[in-house]
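This report concerns only the one structure given below.
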Number of protein chains: 2
Amino acid sequence: MSDTEQLPAWCPGDGWCSITATASLVGKKWHPVIIHRLLHHGPLGFNALQEEVDGISSKVLSESLDDLEEKRVVSRTIVSEKPVRVEYALTELGESLEPVVTALAEWGEQHLEPVDEEAASVV
Amino acid sequence: MSDTEQLPAWCPGDGWCSITATASLVGKKWHPVIIHRLLHHGPLGFNALQEEVDGISSKVLSESLDDLEEKRVVSRTIVSEKPVRVEYALTELGESLEPVVTALAEWGEQHLEPVDEEAASVV
DNA sequence: ATAGCCAGTTACGTTACCGTAAGCGGGTCA
DNA sequence: TGACCCGCTTACGGTAACGTAACTGGCTAT
């Protein structure tokens, strides 16, 4: 590490930061899980997705989907069959997040699973 | 995608989720940036780190470092020279986050930079 | 003694995010 | 017609995260 080290441009000093920007997309509690489920289960309806995510409320799921749709990560397709169906799927942009979500998942797998937060130090 | 598809175990239905767990570490606004700076600039003092991160306040930096220290991601070393110095560095666990932070950074680089949020749709 | 750097802390306020509970409009099925 | 599924929305509340501003305390250099 010398003094004149050039940073890879993705850490500028002028406001924008690719890390923060990406984190604001994937850093919400449910966002990465939703994306992961969509990656591995193809298009899903609202209720199916809710069951898939396990723990999320309809309200939060709805909000998250709105957010992700606005950010062009998921697409909402109304399938006009008799019972009005809706299908949520990843856009290309959303699918491109696969490495990111995978990185999150694998790191958690490898470094976080043997969690002993309460058994660790205090008391 | 068949029906009996086995998920890689890192997306259980029973509460714990490696993705969410990791996101709770790296998903905060400043956490990944701090880690990134520490990855690329070696150990830094408080003020040096604050200047490096650019935009963070001393309070938030302090809080973030407390959090990251508690989670064994960064270490705080008091270098007891005459002017009391402190050095923040990554632990092994912290360094292992490199792929995750890199994934965030690179995705942002490749998919988010040409941002035209305001120029896009409305008005 | 005054000024300045380093490493924070405290007080205070705002916004974002998450969660519960309930309800609603439309359709299907019996 | 009533019971039930689907796809949400609304109302309400709490906590956590973030932000600003000011201030502290130890040490140093002048």
Side-chain angles (χ1 to χ4, degrees), chain A residues 15-17 19-35 37-38 41 43-71 73-89 117, chain B residues 15-17 19-35 37-38 41 43-71 73-89 117:
Chain A
W16 200 78
C17 175
I19 300 178
T20 302
T22 309
S24 79
L25 245 174
V26 190
K28 314 297 170 70
K29 180 167 185 181
W30 296 107
H31 280 35
V33 187
I34 294 171
I35 293 169
R37 295 305 190 273
L38 254 22
H41 292 277
L44 287 173
F46 188 89
N47 286 351
L49 188 52
Q50 185 174 2
E51 273 162 40
E52 204 55 61
V53 170
D54 183 64
I56 198 171
S57 72
S58 58
K59 179 217 162 191
V60 174
L61 177 57
S62 182
E63 282 175 0
S64 302
L65 288 171
D66 284 352
D67 190 29
L68 289 170
E69 196 186 349
E70 188 190 340
K71 282 162 178 161
V73 169
V74 310
S75 63
R76 188 173 172 276
T77 311
I78 301 173
V79 182
S80 280
E81 297 167 6
K82 338 304 160 51
V84 184
R85 263 194 159 231
V86 177
E87 275 193 348
Y88 292 96
E117 286 179 5
Chain B
W16 200 79
C17 176
I19 301 177
T20 303
T22 309
S24 79
L25 247 173
V26 191
K28 314 297 171 68
K29 180 167 184 182
W30 296 106
H31 280 36
V33 186
I34 293 170
I35 294 169
R37 295 307 190 271
L38 253 23
H41 291 277
L44 286 173
F46 188 88
N47 285 351
L49 187 52
Q50 184 173 2
E51 271 163 39
E52 204 56 60
V53 169
D54 185 63
I56 198 171
S57 72
S58 59
K59 179 218 164 191
V60 175
L61 178 57
S62 181
E63 281 175 1
S64 302
L65 288 172
D66 283 352
D67 190 30
L68 289 170
E69 196 186 349
E70 187 190 342
K71 281 159 179 162
V73 171
V74 310
S75 64
R76 188 171 172 277
T77 309
I78 301 174
V79 182
S80 278
E81 299 165 5
K82 336 307 162 53
V84 185
R85 266 196 156 221
V86 178
E87 275 193 350
Y88 291 96
E117 285 178 6

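Since this is a predicted model, take the numbers as computed values, not measurements. Computed from heavy atoms alone, side chains included, the values below leave out hydrogens, waters and symmetry copies.
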Quiz item: Sequence neighbours excluded, which residues qualify as side chain to side chain contact (heavy atoms under 4.5 Å, CB included) partners of Val79(B)?
Solution: Glu81(B), Arg85(B), Glu87(B)
Quiz item: Mind checking what makes side chain to side chain contact (heavy atoms under 4.5 Å, CB included) contact with Lys28(A), not counting sequence neighbours?
Solution: His31(A), Asp67(A), Lys71(A)
Quiz item: Trp30(A) side chain N/O closer than 4.0 Å to the phosphate oxygens (OP1, OP2) of dG19(C)?
Solution: yes
Quiz prompt | Contacts of type side chain to side chain contact (heavy atoms under 4.5 Å, CB included), residue Ser58(B), not counting sequence neighbours | solution = Phe46(B), Gln50(B)
Practice problem: Report yes if some heavy atom in the side chain of Ile19(A) is under 4.5 Å from a heavy atom in the side chain of Ile35(B); otherwise report no. | Solution: no
Self-check item: Bounds of contact between DNA chain D and chain B, in 5' to 3' order, using a heavy-atom cut-off under 4.0 Å
Solution: dA17(D) to dT28(D)
Quiz prompt | Glu63(A): salt bridge (charged side-chain N to carboxylate O under 4.0 Å, His left out) partners, not counting sequence neighbours | solution = Lys59(A)
Quiz prompt | CA sep, side-chain torsions, deciding dist, call: Arg76(A), Leu65(A), side chain to side chain contact (heavy atoms under 4.5 Å, CB included) | solution = CA-CA 9 Å; Arg76(A) 188 173 172 276; Leu65(A) 288 171; over 6 Å; no
Quiz item: Under a 4.5 Å cut-off applied to non-hydrogen side-chain atoms, are Leu61(B) and Ile34(B) in contact?
Solution: yes
Quiz prompt | Set of side chain to side chain contact (heavy atoms under 4.5 Å, CB included) partners for Ala48(A), sequence neighbours left out | solution = Leu44(A)
Practice problem: Would you give a per-nucleotide map of nucleotides 2-16 of chain C, 5' to 3', where B means the base has a protein non-hydrogen atom under 4.0 Å away, S means only the sugar-phosphate does, and - means neither? | Solution: ----BBBBBB-----
